[in-house]
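All values below were derived from every heavy atom in this structure, side-chain atoms included, with hydrogens, water molecules and symmetry-related copies excluded.
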Amino acid sequence: MARIILFILLLLFTIGYYFYSPSYMDTSSIGLLLSIAALAIIVFFTKKEKEINLKKQYLKHSTLVIFGFVVVHFQYHIDFLLGYINNFYPYIWVQNDIVVKALAVSVSGLLCFLIGYLWYKKKKSFQNSKQENNKVISIKLLSYLAAVLLAAYFYYANPLYLMGFYGAEDIGAEAAYIILVFKTVVFAVLIQTARNFKIKEIKFTNFLSYAKSNSLLINILIGVYLTSVLISGDRGPIIFFGIAYFGNYLFVSNKKLNIYKTVGILVLGAAFITILGKVRSLDRNLSFSERFSTSLQMDSRFETKSILPQTQELATSIRALHHTVNHIPNQHDYLYGRFQLQQALSIIPFGNSFVQLIFEDNSYKYRSSAHFITWIILGDNPYMGHGSSVTSDFYFDFGLLGVLVGMFIFGYVMRYAEVAMYSQQLPSLFTHAFFIVFLSSAIYISRSTFLIEMKAVVWTFFILFINQKFINKQ
């Protein structure tokens with residue numbers, strides 16, 4: 001409770017900066033707000049863990065979310081204080097007079113995430129009471145379905161996209177929808193396989209033995225798809241599938257990763273993603289192997305130095321919040337829940353068609369917060385897309401209040417997810433889908449949105465449910 005009170009006091013102070021921020025990039029204000037964020041994180045991570053299964057377990061939802069949040073929302077401000085970047089950099093800062101105000105939004109969001117996390121109290125056991133959920137369920141038909149979906153994806157996908165023109169060429173509407181279903185089917189297979197191992201009480205000495213025990217077909221399909229992703233220039237799916245696979249291993253084995261192993265994984269992962277970013281920036285007429293070998297000899301492709309070059313591209317997502325705070329509500333009114341509603345409707349297949357009936361203006365900019373930011377930057381005829389951020393998405397709808405409430409809920413459910421994952425019990429199908437999907441996206445969600453991941457959760461649960469109740473009805 002003492003930590004919650006401290007965080008609330010820090011939050012009140014930070015909110016004051018939001019309403020009375022200097023209209024220039026004041027070094028002392030930026031330093032003070034970053035110090036508040038640093039203090040909160042230190043206090044948070046030095047708390048005594050009460051859940052025995054989470055003690056000395058550092059690879060969990062909160063760790064990954066906070067890592068991603070700090071990179072996206074604070075890295076460039078730290079670079080500014082260190083002198084690596086000046087205030088004459090509109091690509092990142094957008095307008096100097098909103099930088100401190102936007103930083104106050106970020107710090108407030110972080111504090112509310114921590115408060116929400118600490119607010120969660122475990123009320124009951126996660127042991128599933130339904131007997132049918134505690135039986136070994138076959139994954140054969142789901143594996144075959146995944147193979148068909150992957151074949152359909154390669155048939156419909158834009159060939160140029162697959163050849164390395166990610167970001168310059170669109171994947172194609174059919175391929176985008178097919179690969180989303182493929183992801184949820186594969187996630188369902190990985191989850192059901194892990195549950196089967198848990199029910200059989202199979203023990204694994206290491207990750208390699210776990211991977212060998214998984215379906216050979218699914219391993220091949222994941223390998224083929226991720227290879228195509230690598231060549232295309234995309235990187236997100238490599239992180240999502242990799243963490244989902246490893247997360248299910250931790251769920252089954254109850255292995256604990258100490259802070260050194262966790263930091264090592266994050267650093268190696270960041271370095272690998274940086275290399276892929278360099279590969280994507282090179283001449284796409286070169287072969288993938290040529291671009292990859294060239295990237296190993298390249299310096300940073302950014303104009304400015306950074307405290308952590310490996311995550312510099314992820315850190316550029318802060319410009320989404322800067323554009324949002326600069327534009328809302330001065331040049332456009334709040335959206336009052338429109339983007340959250342649209343994301344909720346997207347959970348239902350073809351649910352976005354209801355948006356046409358609810359809202360009169362359904363132009364490009366109102367499709368999502370990412371589309372709105374793209375519209376702010378490039379106007380009505382964009383030649384490329386710009387991403388969003390979790391804080392931007394909440395801010396668009398309700399301003400600072402939206403960020404405070406949204407991040408509180410985010411922190412609360414992340415605590416629920418990690419407690420359920422490491423409870424050493426077999427959770428419900430929905431809970432299992434929830435903690436694996438959000439673990440897989442925990443780093444990237446800071447440059448994405450919160451509710452969009454619920455689509456993957458619900459669809460994965462639905463596939464697990466159909467497989468259990470109808471395909472393998474006993």
Side-chain angles (χ1 to χ4, degrees), residues 44-45 47-66 116-139 187-215 218 241-262 265 411-442 453 456-457 460-461 464-465 467-468:
F44 176 78
F45 279 113
K47 69 180 177 64
K48 186 177 181 180
E49 178 58 65
K50 295 181 180 180
E51 289 292 327
I52 187 170
N53 297 319
L54 283 170
K55 288 183 177 180
K56 298 183 178 180
Q57 176 61 275
Y58 290 93
L59 189 63
K60 53 188 179 180
H61 298 74
S62 57
T63 305
L64 299 183
V65 169
I66 292 172
Y117 181 96
L118 296 175
W119 205 273
Y120 174 82
K121 303 298 179 184
K122 184 179 176 182
K123 298 178 181 179
K124 62 178 181 178
S125 169
F126 288 97
Q127 185 66 42
N128 200 292
S129 58
K130 295 183 179 180
Q131 190 63 33
E132 62 267 27
N133 286 342
N134 300 326
K135 294 179 180 179
V136 174
I137 304 295
S138 173
I139 57 162
F187 271 40
V189 171
L190 294 177
I191 289 170
Q192 189 59 64
T193 300
R195 295 174 71 86
N196 290 344
F197 289 152
K198 195 87 166 179
I199 293 168
K200 294 177 182 178
E201 298 183 348
I202 299 176
K203 304 298 181 182
F204 296 99
T205 55
N206 52 53
F207 177 70
L208 184 60
S209 64
Y210 175 80
K212 288 180 178 179
S213 298
N214 270 260
S215 165
I218 286 296
F241 278 82
I243 295 180
Y245 207 117
F246 194 72
N248 276 300
Y249 162 68
L250 294 178
F251 167 75
V252 174
S253 65
N254 297 315
K255 295 282 186 181
K256 293 188 177 182
L257 293 188
N258 59 37
I259 190 169
Y260 302 107
K261 290 181 180 178
T262 302
I265 289 174
Y412 186 90
V413 298
M414 286 303 95
R415 176 60 175 178
Y416 164 81
E418 63 188 32
V419 171
M421 177 172 172
Y422 292 110
S423 66
Q424 297 190 6
Q425 297 172 333
L426 194 67
S428 68
L429 294 176
F430 184 85
T431 298
H432 199 154
F434 184 87
F435 67 65
I436 287 298
V437 168
F438 272 95
L439 183 72
S440 71
S441 61
E453 298 304 326
V457 171
T460 302
F461 162 72
L464 286 165
F465 181 83
N467 185 55
Q468 181 184 100

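Using a 4.0 Å cut-off between charged side-chain N and carboxylate O, K60 and E51 make no salt bridge. Electrostatic pairing of K47 and E49 counts as a salt bridge here, judged by a charged N lying under 4.0 Å from a carboxylate O.
In this structure, A442 and L64 approach most closely via the heavy-atom pair CB-CB, 3.5 Å. The two atoms that bring F435 and P427 nearest to each other are CE2-CG, 3.8 Å, heavy atoms only. Counting all heavy atoms, side chain and backbone alike, V252 lies closest to F197 at CG1-CB, 3.9 Å. Considering every non-hydrogen atom in both Y117 and F44, the closest pair reads CD2-CE1, 3.3 Å.
Sorted by first and then second residue, the salt bridge (charged side-chain N to carboxylate O under 4.0 Å, His left out) pairs with a member in residues 417-434 read R415-E418; sequence neighbours excluded.
Between V457 and F430, the closest side-chain pair of non-hydrogen atoms falls below 4.5 Å. Counting heavy atoms from C-beta on, the side chains of V413 and F434 come closer than 4.5 Å.
Between the side chain of Q57 and the backbone N or O of L257, at least one donor-acceptor pair lies under 3.5 Å. One N or O on the side chain of N196 and one on the backbone of I137 form a donor-acceptor pair closer than 3.5 Å.
To the nearest 0.5 Å, atoms CZ (R195) and CG (L426) are separated by 4.0 Å. Note that the CG atom of N467 and the CD1 atom of I139 stand 8.5 Å from one another [nearest 0.5 Å]. Interatomic distance, L59 CG to K255 NZ, rounded to the nearest 0.5 Å: 14.0 Å. The distance from the OH atom of Y210 to the OG atom of S253 is 8.5 Å, given to the nearest 0.5 Å. Distance check, rounded to the nearest 0.5 Å: CG of L190 to OG1 of T460 gives 10.0 Å. Atoms OG1 and NZ, from T193 and K198 in turn, are 14.5 Å apart once rounded to the nearest 0.5 Å.
With sequence neighbours excluded, no residue forms a side-chain hydrogen bond (donor to acceptor under 3.5 Å, both in side chains) with Y58.
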Show the atom names and distances, to 0.1 Å, of all donor-acceptor pairs under 3.5 Å that link a side chain in residues 241-251 to residues at least two apart or in another chain.
| from | atom 1 | to | atom 2 | distance (Å) |
| --- | --- | --- | --- | --- |
| Y245 | OH | N219 | OD1 | 2.6 |
| N248 | OD1 | H432 | NE2 | 3.2 |
| N248 | ND2 | A244 | O | 3.0 |
| Y249 | OH | F207 | N | 3.4 |

Legend entry - Chi angles and distances behind the side-chain contact (heavy atoms from CB on, under 4.5 Å) call for L464, Q192: CA-CA 7 Å; L464 286 165; Q192 189 59 64; 3.9 Å; yes
